[in-house]
Amino acid sequence: MSRNATLAPLPRHIAITMDGNGRWAAERGLARSAGHKAGLEPVRLCVRECARLGVEALTLFAFSSENWSRPAEEVASLMGLFLEAIDREVSDLDNRGVCLRVIGDRRVLSVRLQAQIAAAEQRTANNSGLKLQIAVSYGGRWDIVQAARTLATRCLSGELAVAAIDEDCFAAALELAGLADPDLLIRTGAERRISNFLLWNLAYTELYFCDCLWPEFDAREFAQALAFFAQRERRFGRTSAQQRGLSGPRGS
Ligand code: IPE
Ligand code: IPE
Ligand code: MG
């Protein structure tokens with residue numbers, strides 16, 4: 001389906017911090033794990049909506065570097081849920097033409113989960129539809145440090161000159177290499193913070209915070225976030241008058 005003109009301009013890339021699962025569960029007298037489980041439905045909805053509207057990329061924050069500090073039982077239930085979700089959803093994602101990638105420090109995940117992620121990525125690698133990134137064991141600072149290490153290693157081997165390191169070169173070593181920066185960040189759960197998500201890539205992203213808890217995030221909430229985005233004037237450092245005379249960011 002073509003882009004929905006009433007919602008234009010649409011973000012090309014949406015990032016979402018899916019927060020509030022624990023509070024949603026607590027409000028219902030349920031275990032936190034029930035909240036995480038209930039958070040799967042809005043994930044499906046966002047994938048469907050992005051594909052339908054023609055959004056190019058969707059990056060979901062599922063588990064942060066800092067979330068390893070949670071009680072072992074909660075971490076274990078989240079890891080179990082990731083395994084289950086990949087197993088159950090990969091066919092549907094593949095059928096929808098979604099290209100799935102997991103970003104984050106995967107070496108600290110269980111061997112089984114790493115293998116399942118690799119298989120799902122391989123299966124969907126050639127799909128040309130929505131680019132879906134799931135951030136697991138991801139931290140923005142970790143991402144910047146791993147990029148710095150990669151570039152330092154290439155410099156030491158003589159493959160890369162120090163003087164050749166510029167912003168584009170650095171960005172190409174980050175986990176979201178090859179993707180345009182997110183245009184819109186949505187964070188549910190009533191917190192107004194970044195929580196170490198894509199620190200480099202959010203430099204000029206429009207930030208949308210809503211009070212709804214992630215398991216309650218539905219098509220109406222999603223449409224509200226898009227409506228917020230459609231009203232922003234993205235100036236990228238220029239004046240408003242300059243921006244109105246230009247067709248897009250950095251004259252592109
Ligand atoms: C987000 O919901 C999911 C993860 C961080 C894994 P939370 O689990 O943070 O839910 P709240 O913020 O405690 O309600
Ligand atoms: C951010 O949520 C990480 C994810 C949604 C995966 P948190 O609930 O961990 O964030 P803080 O710690 O409250 O900022
Ligand atoms: Mg939280």
Side-chain angles (χ1 to χ4, degrees), residues 13-47 50 57-89 100-110 113-114 116-117 132-146 174-176 179 182 184-202 205-218 221-222 225:
H13 183 175
I14 300 177
I16 308 183
T17 298
M18 309 182 289
D19 196 19
N21 296 350
R23 278 163 285 166
W24 181 90
E27 278 175 7
R28 287 158 181 76
L30 302 169
R32 293 179 61 84
S33 57
H36 298 315
K37 210 165 188 164
L40 268 178
E41 192 44 44
V43 169
R44 291 189 195 102
L45 171 112
C46 289
V47 169
C50 285
L58 174 66
T59 300
L60 302 175
F61 203 5
F63 190 89
S64 72
S65 313
E66 290 71 29
N67 289 147
W68 289 111
S69 314
R70 292 196 177 191
E73 189 188 295
E74 181 170 350
V75 171
S77 100
L78 278 161
M79 294 300 146
L81 191 64
F82 295 146
L83 264 172
E84 222 181 282
I86 295 175
D87 190 41
R88 191 146 29 95
E89 305 293 331
L100 174 74
R101 237 169 74 192
V102 170
I103 62 169
D105 188 3
R106 67 176 71 189
R107 293 163 313 168
V108 296
L109 303 176
S110 73
L113 184 53
Q114 286 185 47
Q116 201 166 27
I117 289 169
L132 174 63
Q133 291 65 235
I134 310 280
V136 178
S137 190
Y138 177 88
R141 288 181 174 174
W142 166 84
D143 197 0
I144 290 169
V145 168
Q146 70 77 23
L174 290 165
E175 290 285 84
L176 289 188
L179 283 180
L184 172 66
L185 169 73
I186 300 171
R187 179 171 184 150
T188 60
E191 307 294 358
R192 272 89 177 135
R193 55 184 177 239
I194 301 295
S195 299
N196 199 18
F197 199 18
L198 306 159
L199 295 180
W200 172 286
N201 316 77
L202 295 178
T205 302
E206 300 296 332
L207 308 177
Y208 179 78
F209 298 103
C210 61
D211 292 341
C212 115
L213 303 173
W214 177 248
E216 296 165 340
F217 192 80
D218 58 13
E221 297 280 352
F222 189 68

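In listed order, ligands and their atoms are each counted from 1.
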Quiz item: Has the side chain of T188 got a donor or acceptor atom that lies under 3.5 Å from a matching backbone atom of D19?
Solution: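 Yes; judged by distance alone, with no hydrogens or angles, the pair exists.
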Quiz item: Would you call the rings of F197 and F61 parallel, tilted or perpendicular, where under 30° means parallel and over 60° means perpendicular?
Solution: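 Because their plane-to-plane angle is under 30°, the rings of F197 and F61 count as parallel.
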Quiz prompt | Parallel, tilted or perpendicular: ring planes of W142 versus Y138, cut at 30 and 60 degrees | solution =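 Taking Y138 first and then W142, their aromatic rings stand perpendicular (interplane angle over 60°).
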Practice problem: Kindly write out the residues that satisfy ring pair (Phe, Tyr, Trp, His ring centres under 6.0 Å) with F209, not counting sequence neighbours, or none if the list is empty. | Solution: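 F209: no ring pair (Phe, Tyr, Trp, His ring centres under 6.0 Å) contacts found.
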Exercise. Over all heavy atoms of both residues, which pair between V75 and R70 is shortest? Give the atoms and the distance, please.
Key: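 Answer, listing the atom of V75 first, then R70: CG2-O, 3.7 Å.
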Exercise. Could you pull out the closest heavy-atom pair between N201 and P182, with the gap in Å?
Key: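 Closest approach of N201 to P182: O-CD, 3.5 Å.
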Self-check item: Pairs where residues 24-35 contributes a residue and the test side chain to side chain donor-acceptor pair (under 3.5 Å) is met, not counting sequence neighbours
Solution: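 Counting only pairs at least two positions apart or across chains, the side chain to side chain donor-acceptor pair (under 3.5 Å) contacts touching residues 24-35 are R32-E74.
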Practice problem: Please lay out, stage by stage, how S195 and R187 fare under the test side-chain hydrogen bond (donor to acceptor under 3.5 Å, both in side chains). | Solution: CA-CA 10 Å; S195 299; R187 179 171 184 150; 2.7 Å; yes
Hey, what polar pairs (N/O, under 3.5 Å) does ligand 2 make with protein?
residue, atom, partner, partner atom, Å
ligand 2, 8 (O), D19, OD1, 3.1
ligand 2, 8 (O), R70, NH2, 3.2
ligand 2, 9 (O), N67, ND2, 2.9
ligand 2, 9 (O), R70, NH2, 3.4
ligand 2, 10 (O), R187, NH2, 3.3
ligand 2, 13 (O), R193, NH2, 2.7
ligand 2, 14 (O), R193, NE, 2.7
ligand 2, 14 (O), R193, NH2, 3.3
ligand 2, 14 (O), S195, OG, 2.5

Quiz prompt | Protein N/O/S neighbour count - the Mg ion (ligand 3), strictly under 2.8 Å | solution =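 Under the 2.8 Å cut-off, the count stands at 1.
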Self-check item: Criterion salt bridge (Lys or Arg N to Asp or Glu O under 4.0 Å) on E89 and R44, from CA distance to verdict
Solution: CA-CA 9 Å; E89 305 293 331; R44 291 189 195 102; 2.9 Å; yes
